[in-house]
Amino acid sequence: MKTIILKNLDAARELFGRHNYNLARISEAAGVQINARGSTLNIEGDDDKIILAEKILTQLYDLIKENYSLNSHDIDAAAKALRADMSCRLKDIFLDKVFVTAKNKPITPRNPAQKTYVDAVRNNDIVFSIGPAGTGKTYLAVAMAVAAFSKGKVKRIVLTRPAVEAGEALGFLPGDLAEKINPYLRPLYDALYDMLTFEKARELIAQGTIEIAPLAFMRGRTLNNSFIILDEAQNTSKEQMKMFLTRIGFGSRAVITGDITQTDLPHGKLSGLVQAKSILRRIKGIKFCFFSSEDVVRHKLVSEIIKAYEKIQQKNKKAENIKLNS
């Protein structure tokens, strides 16, 4: 058994949660029994699980003392991070404010992989972010872009993604060009509207200070003093990726995000993101960040769904290798 005495009563109450809800959640996450008496906690369970629970409790308690507003998702994120690495410092992650939204919501990394990603964007001109859906690749990139613009580090933001597929075949869709394109750019608009007021975002878009356009519109341009995001980059061809990367001008930085397991390219056509991963990794100033299903920050079932599909893909790949070698 391990006993923890928390001296800051207000912080202890917030840590415990209403009707000790947070303690129950931490107990479940660490696999221990936690009993509270006043501001004293007694932890019972296996030794390694007690250590994990103590780490979660004390680090979340320290965050609260720094005026951090704790929610249930933080408990899950903390447990996952510390389970993977007991030396992890939650303060370094959760208190790293990337941007504060118009609704006064601080945007911070949620796990060590996101912290590594944020630091990479700060310190490199080109960053590739590769991993499954739900890991915050696009959302954090937009937050970094808006933060850089608000601090005067760049003069404009350019958000782009391939429309529909690598060939950007939009002709079969109804409506004019804008109506054909907008559904495929909607995730970028959603992220942007979550950071700024709707009115401010629309004003900046109308001025051209923020540009949201399909990848094809980047051809032939040079983008100076800009923060450029290429989203869904797994659906770029080799030629499109080269075209995009050579648009980057002076004073600009670029973030390229994608999930190489979900390409919509025709069978047998190599993704520009896959090729870039193999040929650009040793160039100074270019950083690659990788996420896994363990880094998903959406509903906990999303992580389990991704793992299930990964198992199927591995099984199919193994079967194909056996077939080829037989």
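Note: hydrogens, waters and symmetry copies are ignored here, and every other heavy atom, side chains too, is used. Positions are given from 1 along the sequence.
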Peer 1: If you look at every heavy atom in Pro162 and Leu230, which pair is closest and at what distance?
Peer 2: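 Closest approach of Pro162 to Leu230, heavy atoms only: CD-CD1, 4.1 Å.
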Peer 1: If you define the side chain from C-beta out and look only at heavy atoms, does anything of Leu63 sit under 4.5 Å from Leu70?
Peer 2: no
Peer 1: Spell out, yes or no, whether Tyr21 and Leu41 are grouped together once hydrophobic residues are joined by side-chain heavy atoms under 4.5 Å, including indirect joins.
Peer 2: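 In one cluster with Tyr21: Leu41, no.
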Peer 1: Return the CD to CD1 distance between Glu54 and Ile4, rounded to the nearest 0.5 Å.
Peer 2: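 Going from the CD atom of Glu54 to the CD1 atom of Ile4 covers 4.5 Å.
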Peer 1: Working to the nearest 0.5 angstrom, can you tell me the gap between Asp259 CG and Ser129 OG?
Peer 2: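 That separation rounds to 10.0 Å.
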Peer 1: For the residue pair Asp76 and Arg25, establish whether any side-chain heavy-atom pair is separated by less than 4.5 Å.
Peer 2: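 The answer is yes, as the side chains (C-beta and beyond) meet within the 4.5 Å cut-off.
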Peer 1: Examine Tyr68 and Val118 and state if one hydrophobic cluster contains both, with Ile, Leu, Val, Met, Phe, Trp and Tyr joined whenever side-chain heavy atoms are less than 4.5 Å apart.
Peer 2: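 No, Tyr68 does not connect to Val118 through the hydrophobic network.
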Peer 1: Would you sort out whether Glu239 and Met241 count as a side-chain contact (heavy atoms from CB on, under 4.5 Å), showing the intermediate values?
Peer 2: CA-CA 6 Å; Glu239 295 78 14; Met241 179 60 75; over 6 Å; no
Peer 1: Supply the atom-to-atom distance Ile212 CD1 to Leu188 CG, rounded to the nearest 0.5 angstrom.
Peer 2: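 CG of Leu188 is found 6.0 Å from CD1 of Ile212.
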Peer 1: Side-chain heavy atoms under 4.5 angstrom apart, residues restricted to Ile, Leu, Val, Met, Phe, Trp, Tyr: same cluster for Val100 and Leu140?
Peer 2: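 No: no chain of side-chain contacts under 4.5 Å links Val100 to Leu140.
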Peer 1: Going hydrophobic residue to hydrophobic residue with side-chain gaps under 4.5 angstrom, can you get from Val296 over to Leu82?
Peer 2: no
Peer 1: Take atom NZ in Lys65; do more than 12 heavy atoms of anything else shown fall under 6.0 Å from it?
Peer 2: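 Yes.
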Peer 1: Would you say Thr261 and Pro132 make side-chain contact, with heavy atoms under 4.5 Å?
Peer 2: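 Thr261 vs Pro132: side chains apart.
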Peer 1: Might you point out which heavy atoms bring Tyr117 and Cys289 nearest each other, and give the distance in Å?
Peer 2: CA-SG, 3.7 Å
Peer 1: Counting only N and O atoms by type, is there a donor-acceptor contact under 3.5 Å from the side chain of Ser226 to the main-chain atoms of Asn224?
Peer 2: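 Side chain of Ser226 to backbone of Asn224: a pair is present.
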Peer 1: I want to check something: taking the side chain as every heavy atom from C-beta on, are Arg161 and Pro187 in contact at a cut-off of under 4.5 Å?
Peer 2: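 Yes, side chains in contact.
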Peer 1: For atom CG of Asp47, decide whether the heavy atoms of other residues, nucleotides or ligands shown that lie under 6.0 angstrom number more than 12.
Peer 2: no
Peer 1: Could you list the donor-acceptor pairs under 3.5 angstrom formed by side chains in residues 90-97, with sequence neighbours left out?
Peer 2:
{"unit_1": "Lys91", "atom_1": "NZ", "unit_2": "Glu66", "atom_2": "OE2", "d": "3.3"}
{"unit_1": "Asp92", "atom_1": "OD2", "unit_2": "Arg89", "atom_2": "NE", "d": "3.0"}
{"unit_1": "Asp96", "atom_1": "OD1", "unit_2": "Arg122", "atom_2": "NH1", "d": "3.3"}
{"unit_1": "Asp96", "atom_1": "OD1", "unit_2": "Arg122", "atom_2": "NH2", "d": "2.7"}
{"unit_1": "Asp96", "atom_1": "OD2", "unit_2": "Lys115", "atom_2": "NZ", "d": "2.7"}
{"unit_1": "Asp96", "atom_1": "OD2", "unit_2": "Arg122", "atom_2": "NH1", "d": "2.8"}

Peer 1: For the residue pair Ala53 and Ile43, what are the closest heavy atoms and their distance?
Peer 2: CB-CG2, 4.0 Å
Peer 1: Any donor-acceptor pair under 3.5 Å linking the side chain of Thr101 with the backbone of Lys105?
Peer 2: yes
Peer 1: Has Arg221 got more than 12 heavy atoms of other residues, nucleotides or ligands less than 6.0 Å from its CZ?
Peer 2: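 More than 12 heavy atoms, drawn from other residues, nucleotides or ligands, come within 6.0 Å of this atom.
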Peer 1: Report yes or no: does Arg110 contribute a side-chain atom to a donor-acceptor pair with the main-chain N or O of Ala77 at less than 3.5 Å?
Peer 2: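 Pair absent, no side-chain N/O of Arg110 close to backbone of Ala77.
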Peer 1: So does Leu273 get a backbone contact from the side chain of Ser271, meaning a donor-acceptor N/O pair under 3.5 Å?
Peer 2: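 Checking the backbone N and O of Leu273 against the side chain of Ser271, a donor-acceptor pair under 3.5 Å is found.
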Peer 1: What distance separates Lys137 NZ from Gln114 CD, expressed to the nearest 0.5 Å?
Peer 2: 10.0 Å
Peer 1: Between Leu23 and Leu57, is there a side-chain heavy-atom distance shorter than 4.5 Å?
Peer 2: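 Yes, their side chains come closer than 4.5 Å.
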Peer 1: Report yes or no: does Asn111 contribute a side-chain atom to a donor-acceptor pair with the main-chain N or O of Asp295 at less than 3.5 Å?
Peer 2: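 Yes, Asn111 side chain to Asp295 backbone: donor-acceptor pair under 3.5 Å.
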Peer 1: Using modelled atom types only, decide if a donor and an acceptor are shared between the side chain of Ser150 and the backbone of Ala147 within a distance under 3.5 Å.
Peer 2: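 Looks like yes, one N/O pair under 3.5 Å.
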Peer 1: Do you know which two heavy atoms are closest between Phe288 and Ala276, and how far apart they sit?
Peer 2: CZ-O, 3.4 Å
Peer 1: I need the Ile228 CD1 to Ile248 CD1 distance, nearest 0.5 Å.
Peer 2: 5.0 Å
Peer 1: Would you say Asn225 and Val154 make side-chain contact, with heavy atoms under 4.5 Å?
Peer 2: no
Peer 1: Can any side-chain N or O of Ser27 pair as donor or acceptor with the backbone N or O of Gln33 at less than 3.5 Å?
Peer 2: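 Side chain of Ser27 to backbone of Gln33: no pair is present.
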Peer 1: Kindly compute the distance separating CZ (Arg83) from SG (Cys88), expressed to the nearest 0.5 Å.
Peer 2: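 Spacing of CZ (Arg83) from SG (Cys88) equals 12.5 Å.
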Peer 1: Has Asn71 got a side-chain atom pairing as donor or acceptor with His73's backbone, closer than 3.5 angstrom?
Peer 2: yes
Peer 1: Show me the side-chain donor-acceptor pairs of residues 191-201 shorter than 3.5 Å, one per line, residues at least two apart or across chains.
Peer 2:
{"unit_1": "Tyr193", "atom_1": "OH", "unit_2": "Arg202", "atom_2": "NH1", "d": "2.9"}
{"unit_1": "Asp194", "atom_1": "OD2", "unit_2": "Tyr139", "atom_2": "OH", "d": "2.5"}
{"unit_1": "Thr197", "atom_1": "OG1", "unit_2": "Lys200", "atom_2": "N", "d": "3.1"}

Peer 1: In the structure I gave you, are the side-chain heavy atoms of Phe227 and Met144 within less than 4.5 Å of one another anywhere?
Peer 2: yes
Peer 1: Under the side-chain contact (heavy atoms from CB on, under 4.5 Å) criterion, do Met243 and Leu215 qualify, and how do the steps go?
Peer 2: CA-CA 9 Å; Met243 178 273 290; Leu215 181 58; 4.0 Å; yes
Peer 1: Tell me whether Ile279 is reachable from Ile286 by hopping between hydrophobic residues (I, L, V, M, F, W, Y) whose side-chain heavy atoms are closer than 4.5 Å.
Peer 2: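 Ile286 clusters together with Ile279.
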Peer 1: Would you say CD1 of Ile283 has more than 12 non-hydrogen atoms from neighbouring residues, nucleotides or ligands within 6.0 angstrom?
Peer 2: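 Counting other residues, nucleotides and ligands, CD1 of Ile283 exceeds 12 neighbours.
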Peer 1: What closest approach, in Å, do Leu15 and Leu60 show between heavy atoms, and which atom pair accounts for it?
Peer 2: CD1-CB, 3.8 Å
Peer 1: Does Leu223 offer a backbone N or O that forms a donor-acceptor pair with the side chain of Ser252 under 3.5 Å?
Peer 2: yes
Peer 1: Check whether any side-chain heavy atom of Leu245 lies under 4.5 Å from a side-chain heavy atom of Ile256, and answer yes or no.
Peer 2: yes
Peer 1: Please name the pair of heavy atoms, one in Gly208 and one in Arg156, separated by the smallest distance, quoted to 0.1 Å.
Peer 2: O-NH2, 3.5 Å
